[in-house]
**Q** 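Please see the structure below; I have some questions.
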Amino acid sequence: MRQHAPQIEIVGNATAVAERAAAHIVARLRNEHAVTLGFATGATMRPVYARLVAATRAGDVSFRAVSSFNLDEFVGVAPQSPGSFHGYMQEHLFGHVDMEAGRARIPDGMAGDIAAEAARYEALIAAAGGIDLLLLGIGANGHIGFNEPGSDFASRTREIKLDEATRIANAGNFPHLASVPERAITMGIATILEARSILLIATGSEKAAALAAAIEGPIGPACPASALRLHDNVHVLCDEAAAAALANRPHNNNRRTA
Ligand code: GLP
């Protein structure tokens, strides 16, 4: 596959990143009638979703014609339980915007047969005509979705064992570390690369090494996010802290300050 250079935009801080990301999504929703979005969870996305909720409440944007597919979910965590990504999406976005019920999809981590659920999820994405714009965060270990280091670039939606570092990073949403699930269901790297456009968001110094590895390191499964350089329409939006380890800064006309 051919390599591509992602478009990199560095802004001052996490607030500015959230504003730019939300503005990007709002512009897309206003310009196109029906859009299929891919949603990520995690702390980075919270202020982005807060701005999308505010824009919806202000009447600046509508999610009526939006369909969506979330990247991942824990296995064995009920949708109503606080640590689930179902719960996260309800709390931070779906509960507050005018999206049609049934159009917001998240993998079912409670499915008895996760392999069958993964195949069903892939079929749903295909039936929707694919994902137009996929939002991605990045793990401190370079994961995208829950594709941990070592994930095959040809991987599709599947069950995966979570790295200990990922379980620790997610422990805040569970009563204690021991209750963080060991396994998750995630879109695969190949599934992610089929999205027509990708917006990767990274904030904070704890993401600096992973972001530099993704953009400037070797392309390969040791850094799952490096697979994004095989995609020709990736926009990376990060703050100064997350950009700190990049050797090659984007040119000034690509750079904005808060
Ligand atoms: C999580 C999620 C990803 C998310 C990433 C970063 O575990 N599976 O979808 O993008 O790790 O999360 P955060 O924004 O909390 O750092």
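The first residue in the sequence is number 1, and the count goes up from there. These values consider heavy atoms only, across backbone and side chains, with no hydrogens, waters or symmetry-generated copies. Note that ligands are numbered from 1 as they come in the structure, with each ligand's atoms numbered from 1 the same way. For clarity, every value in this text was computed on a predicted model and none was experimentally measured.
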**Q** So which protein heavy atom does atom 6 (C) of ligand 1 come closest to, and at what separation?
**A** I138 O, 3.6 Å

**Q** Tell me, which protein residue and heavy-atom name are nearest atom 15 (O) of ligand 1, and how many Å apart are they?
**A** A43 N, 2.8 Å

**Q** Which ligand 1 atoms, with their elements, are less than 4.0 angstrom from a heavy-atom of F146?
**A** 7 (O), 8 (N)

**Q** With L37 as reference, evaluate L199, N70, L29, L135 under the side-chain contact (heavy atoms from CB on, under 4.5 Å) test and give the passing residue.
**A** L29

**Q** Starting from atom 10 (O) of ligand 1, locate the nearest protein heavy atom and write down its residue, its atom name and how far away it is, to 0.1 Å.
**A** G137 CA, 3.2 Å

**Q** How does L136 reach ligand 1, if at all, at less than 4.0 Å between non-hydrogen atoms: by side chain, backbone, both, or neither?
**A** neither

**Q** Provide, to 0.1 Å, the distance between atom 8 (N) of ligand 1 and the closest protein heavy atom, together with that atom's residue and name.
**A** D72 OD2, 2.8 Å

**Q** Ligand 1 and L71, any nitrogen or oxygen pair closer than 3.5 angstrom?
**A** no

**Q** Regarding ligand 1, does G145 bring an N or O atom to under 3.5 Å of one of the ligand's N or O atoms?
**A** yes

**Q** If you count the atoms of ligand 1 from 1 in the order shown, which ones are under 4.0 Å from a heavy atom of K207?
**A** 6 (C), 13 (P), 14 (O), 16 (O)

**Q** Of T203, T44, N70, which has the heavy atom at the shortest distance from atom 14 (O) of ligand 1?
**A** T44

**Q** Please step through side chain to side chain contact (heavy atoms under 4.5 Å, CB included) for the pair L71 and F85, ending with a clear verdict.
**A** CA-CA 10 Å; L71 281 161; F85 290 163; over 6 Å; no

**Q** State the atoms of ligand 1, each with its element, that fall below the 4.0 Å cut-off from a heavy-atom position in H143.
**A** 1 (C), 5 (C), 7 (O), 11 (O)

**Q** Ignoring hydrogens and geometry beyond distance, is a side-chain donor-acceptor pair present between E148 and N141 at under 3.5 Å?
**A** yes

**Q** Between side-chain atoms of residues 185-197 and protein atoms elsewhere (two or more places apart, or another chain), which donor-acceptor pairs fall under 3.5 Å?
**A**
from	atom 1	to	atom 2	distance (Å)
T186	OG1	F146	N	3.0
T191	OG1	E122	OE2	2.7
T191	OG1	T157	N	3.4
T191	OG1	G188	N	3.2
E194	OE1	R156	NH2	2.8
E194	OE2	R156	NH1	3.0
E194	OE2	R156	NH2	3.3
R196	NE	D132	OD1	3.1
R196	NH1	G129	O	3.1
R196	NH2	G129	O	2.9
R196	NH2	D132	OD1	2.8
S197	OG	R28	NH1	3.0
S197	OG	D132	O	2.7

**Q** Mark the output for I201 as yes if a heavy-atom distance to ligand 1 is under 4.0 Å, and as no if none is.
**A** no

**Q** Given the side-chain rings of F69 and F39, with only the six-membered ring counted for Trp, is the space between their centroids under 6.0 Å?
**A** no

**Q** Got the closest protein heavy atom to atom 12 (O) of ligand 1, with its distance?
**A** G42 CA, 4.0 Å

**Q** With ring centroids as reference points, do H231 and H4 lie under 6.0 angstrom apart?
**A** no

**Q** Does the side chain of I215 reach to within under 4.5 Å of the side chain of I8, using non-hydrogen atoms?
**A** yes

**Q** Is the distance between the ring centroids of F63 and F94 less than 6.0 Å?
**A** no

**Q** Under 4.0 Å from a heavy atom of T41: which atoms of ligand 1 are those, numbered in the order shown and with their elements?
**A** 4 (C), 9 (O), 10 (O)

**Q** The criterion is side chain to side chain contact (heavy atoms under 4.5 Å, CB included); which residues satisfy it with I168, sequence neighbours excluded?
**A** E164, L177

